[in-house]
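This is a predicted model, so every value here is computed, not measured. Letters A, B, ... are given to chains in the order of the sequence lines, protein chains preceding strands, and every chain is numbered from 1.
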There are 2 protein chains.
Amino acid sequence: MATMHNRGVNTPAPTDSAAVRRANLSLVLRYVAAHGPCARTEVAAGTGLVHASVSALVADLIDRGLVAEVGAASSGGRGRPRRLVSLVPARVRTTAVHVAWGYSTVMTSDLAGVPGLPRQLPNSGGPFGPVENLADDIASAVDAVGPPEPGVHHGRLVIALSGPVTERDQDAPSPARSASHLARLVADRLPGLPCPVDVVNDAKAAALAEYHALAVRGGTVAYVKSDAGVAGALIVNGRVFHGSHGLAGELGHIPVSLDGPVCRCGATGCLTTYVSTRAVLEEAGLGGSTSPHHASAALTELDHRLRAGEPVALAALNRAGHALGAALQSLTGVTDPDHVVLGGRLADWLPWLRPGIDARLAARRGAFPAFSLAVTPGTLGADAALHGALAAGREHVLADPAAVPKGS
Amino acid sequence: MATMHNRGVNTPAPTDSAAVRRANLSLVLRYVAAHGPCARTEVAAGTGLVHASVSALVADLIDRGLVAEVGAASSGGRGRPRRLVSLVPARVRTTAVHVAWGYSTVMTSDLAGVPGLPRQLPNSGGPFGPVENLADDIASAVDAVGPPEPGVHHGRLVIALSGPVTERDQDAPSPARSASHLARLVADRLPGLPCPVDVVNDAKAAALAEYHALAVRGGTVAYVKSDAGVAGALIVNGRVFHGSHGLAGELGHIPVSLDGPVCRCGATGCLTTYVSTRAVLEEAGLGGSTSPHHASAALTELDHRLRAGEPVALAALNRAGHALGAALQSLTGVTDPDHVVLGGRLADWLPWLRPGIDARLAARRGAFPAFSLAVTPGTLGADAALHGALAAGREHVLADPAAVPKGS
DNA sequence: TTCTTTATTTTCAAGGGTTGAAAAATTAGA
DNA sequence: TCTAATTTTTCAACCCTTGAAAATAAAGAA
């Protein structure tokens, strides 16, 4: 009797020559994308591939429209002039949708990462509503930007979301709220757009975007933001680190003190109780109302008072800074990043938070000579999640150019 | 003028058919190692490779002596009987050395992970001495177990070490104390053993060993131990996670409280000040002397008092348990592991630590339904680092069987 | 102007890898 | 003794990279 064994989920798939082609196509495309117009010789030297291979690979990429010749360039000396090839950014369009409470935002980008203008449109609810409504909202947002022009390949639709639909199916509260189910619902509503649909967590997407904005290669980068809630994510070697249940990098409920305020989560001394917008506003004497409108006005008022040097406001931020510093101390002890990016309100507040952060990290700096940790404000503002979703979409094309069809 | 571009450190190397062969050889070897004697058909079904490929790959592995036919096995029905192939564990020997203060321990293992008896021998110092002495000690430890028998391939010599020689060159305090320099010194002293030499951190090696002992696949596992000092490591998908400066997982200096005792590192409220052996002994009224002999006696005495229900001793452990629980709360918030293994003294103390740990983690369990975190004692005791070093050595062979030479 | 030199790109045979189909091997049952 | 069934091996076909040789194209020299 023949025993049929299926490969386990963690068993790698067999490798064949197609995988080799994929990897080398990706290598060449990334090189051209990163180094601008360049000759085949330069690509060969930069990638370690041989001239002959580069010729074939570039020809393949030209067939797929991802790369084009942009004329010759005599390099000073004699000899056959170099024929420069360059990325064709417009060949691939990536679309990202971010669903918030009351409105959705949609944005596209080309392969070079140049984004189109973001478009906002009202929706029927938020990420916490029925999943069918969610799919409707996403589909109409995508419809609003219209179909891609002929000859433009639609690479991927990426949905940035926070709420009960999670990035990985195994973390979803129920099968109906799994990423794959939402993706299928959206795809069904967009029959004219036959492209893969991904769901990413919005905080993780924002982290990825800020990581790319740093323009560092590799390393470990942590991202912490505070808006409605405190969230965060960890980027390791350019990829989101999920952890076992998709909760890695979520610093909101890190304990800062053994006996701090009681958090909504039930624990005591969570970071959230020190640095959330609500906590800071209350500590500054500006709390009381929960309406979004009032909160916005209160934030403006807080900013005025901070700039005016009002002692109560300064004390509130100082308290938050020390708490955040302690959290970063924990973060550093566990994951040893070299960079922390602060997003949301934390980016605006950083000047007033920094003394507390530095005080907490000073000891560590002294004890470990090799230790270094840069703490900087995020540069992308509220659109960070959208930009990250677009970057995730582009990454798929760069990693597997063979998925873009050949022929004009 | 031709511009020569070298590939950047993070740029992947080009892929070729040799890489394909390597990957598939590894796939087949891992399958045979994990599933015991099995027929080629079974390997094909389990790996996704085609019969023809499996035949060729198995023949290659037989050539290298890593696998052998172990006779036929009629599978009940009619048809040509299956010819079972099995791992040949004795084909490869891996050696690990652990250097401690005053003595070194050396152990070997075959490819199946069955270890030889550990051997201890006195050395001229510890990991903090001159690197030349370190190399001498390691070389004489390896000499003590003798050369491998003819026909046995020596896969790798792995050195488990804690101290100023770090696992990665970039984390070393000076070039003279880099892992590659030590490896070269050791290799020079062992001219008869032409095999690669690796240096791994002993806490990280112990973490890897405990991970393998759990027999889980993938996931995120954290390891924390307390002996002379508090250390730890993080295993992600079966590999050590280093972080940016090789300090990831080092929980010793996580802040547990904003205003705790002052630590030697300069910060306040570090985990070390609550759970280190010294701190617990002092808290239990058994501190005072720093001699190793006295500490050992004090630990035995502490154990007696704990079992007798002595209130001061119980209080000391309770304090440590709550601190450790808070640290695990931080750990969970940052990296979201599904398993924490406690090593060293912590494994012995776990029964008395658990109430504090559980109290701290209870809130988190309630807030995140999907959250789960098992906390278990390590099962490998003091030899964990050696076992981990051996596992790291075996992993190299399993990942690249082509490095083992062909021919008997 | 023509020839030589130089640098880039393409072409081509060779070698290694996987694959699918056919052939060979081997045993149980008719 | 023959047939069916199952496993293993063989073999031609195809894909990919590689190294060397050929083709291409411009600058400088005669």
Side-chain angles (χ1 to χ4, degrees), chain A residues 1-5 12-28 37-63 67 69-85 401-402 406, chain B residues 1-5 12-28 37-63 67 69-85 401-402 406:
Chain A
M1 189 197 319
T3 36
M4 283 299 284
H5 278 254
T15 310
D16 59 1
S17 49
V20 174
R21 187 61 157 194
R22 253 195 310 278
N24 288 337
L25 276 178
S26 171
L27 193 60
V28 170
C38 50
R40 289 165 176 80
T41 302
E42 193 185 335
V43 176
T47 59
L49 287 158
V50 159
H51 295 151
S53 306
V54 172
S55 265
L57 291 163
V58 167
D60 191 331
L61 292 173
I62 290 177
D63 267 358
V67 145
E69 300 224 355
V70 293
S74 170
S75 53
R78 45 185 164 178
R80 180 174 174 173
R82 302 174 160 202
R83 303 173 66 188
L84 304 181
V85 294
K406 284 191 179 185
Chain B
M1 190 198 317
T3 37
M4 284 299 286
H5 277 253
T15 310
D16 60 0
S17 49
V20 174
R21 188 61 157 190
R22 253 196 309 278
N24 287 339
L25 276 179
S26 170
L27 194 60
V28 171
C38 51
R40 289 167 175 79
T41 302
E42 192 185 334
V43 176
T47 59
L49 288 158
V50 160
H51 295 153
S53 306
V54 172
S55 264
L57 291 163
V58 167
D60 192 331
L61 292 173
I62 290 177
D63 267 359
V67 147
E69 302 224 354
V70 292
S74 170
S75 53
R78 46 186 167 179
R80 179 175 176 172
R82 301 175 160 200
R83 303 172 65 188
L84 303 180
V85 294
K406 283 192 180 185

Undergrad: Toward the 5' end of DNA chain C, which comes first, Ala39(A) or Val20(B), by nearest nucleotide?
TA: Ala39(A)

Undergrad: Should Thr41(B) be listed as having a side-chain N or O under 4.0 Å from OP1 or OP2 of dT8(D)?
TA: yes

Undergrad: Just the rounded figure in Å: distance from P of dT7(D) to CD of Glu42(B).
TA: 10 Å

Undergrad: What nucleotide, of dC11(D), dT18(C), dG29(C), holds the atom closest to the side chain of Leu57(B)?
TA: dT18(C)

Undergrad: For a quick test of reading the model: is some side-chain N or O of Ser17(B) closer than 4.0 Å to OP1 or OP2 of dT17(D)?
TA: no

Undergrad: Mind checking whether Arg21(B) and Thr15(A) have side chains closer than 4.5 Å, heavy atoms only?
TA: no

Undergrad: Measure from the side-chain heavy atoms of Val50(A) and tell me the nearest of dA28(C), dG28(D), dG19(D).
TA: dG19(D)

Undergrad: Rounded off to whole Å, could you give me the CD-to-P distance for the Glu69(B) and dA25(C) pair?
TA: 16 Å

Undergrad: Rounded to the Å, how far apart are Asp16(A) CG and dT17(D) P?
TA: 12 Å

Undergrad: Once you round it to whole Å, what is the distance between C1' of dG17(C) and CG of Asp60(B)?
TA: 12 Å

Undergrad: If you assign each of Arg83(B) and His51(A) to its closest nucleotide in DNA chain D, which residue comes earlier from the 5' end?
TA: Arg83(B)

Undergrad: Nearest to the side chain of Arg78(A), which nucleotide is it out of dT18(D), dT4(C), dG29(C)?
TA: dT4(C)

Undergrad: State whether the side chain of Asp60(A) and the backbone N or O of Asp63(A) hold a donor-acceptor pair below 3.5 Å, judged by distance alone.
TA: no

Undergrad: Please work out if Ala72(A) contacts a base, only the sugar-phosphate, or nothing of the nucleic acid, heavy-atom cut-off 4.0 Å.
TA: nothing

Undergrad: Could you give the distance from CG (Leu61(A)) to NZ (Lys406(A)), rounded to the nearest 0.5 Å?
TA: 9.5 Å

Undergrad: What's the CG-C1' distance between Asn24(A) and dT18(D), to the nearest Å?
TA: 12 Å

Undergrad: Is a donor on one side and an acceptor on the other found under 3.5 Å between the side chain of Asn24(B) and the backbone of Pro14(A)?
TA: no

Undergrad: Determine whether Cys38(A) and Val43(A) satisfy the following criterion, side chain to side chain contact (heavy atoms under 4.5 Å, CB included), listing intermediate values before the conclusion.
TA: CA-CA 7 Å; Cys38(A) 50; Val43(A) 176; 3.7 Å; yes

Undergrad: Counting only side-chain nitrogens and oxygens, does Arg82(B) get under 4.0 Å of the OP1 or OP2 atom of dT6(D)?
TA: no

Undergrad: Calculate the interatomic distance between Arg40(A) atom CZ and dA25(D) atom C1'; express it in whole Å.
TA: 14 Å

Undergrad: Less than 4.0 angstrom between a side-chain N/O of Ser55(B) and OP1 or OP2 of dT8(D), yes or no?
TA: no

Undergrad: Could you state the atom-to-atom distance from CZ of Arg80(B) to C1' of dT6(D) in whole Å?
TA: 9 Å

Undergrad: Choosing from dA5(D), dA20(D), dA26(D), which nucleotide comes nearest the side chain of Ala52(A)?
TA: dA20(D)

Undergrad: Figure out the CG/P separation between Leu27(A) and dC16(D), and round it to whole Å.
TA: 16 Å

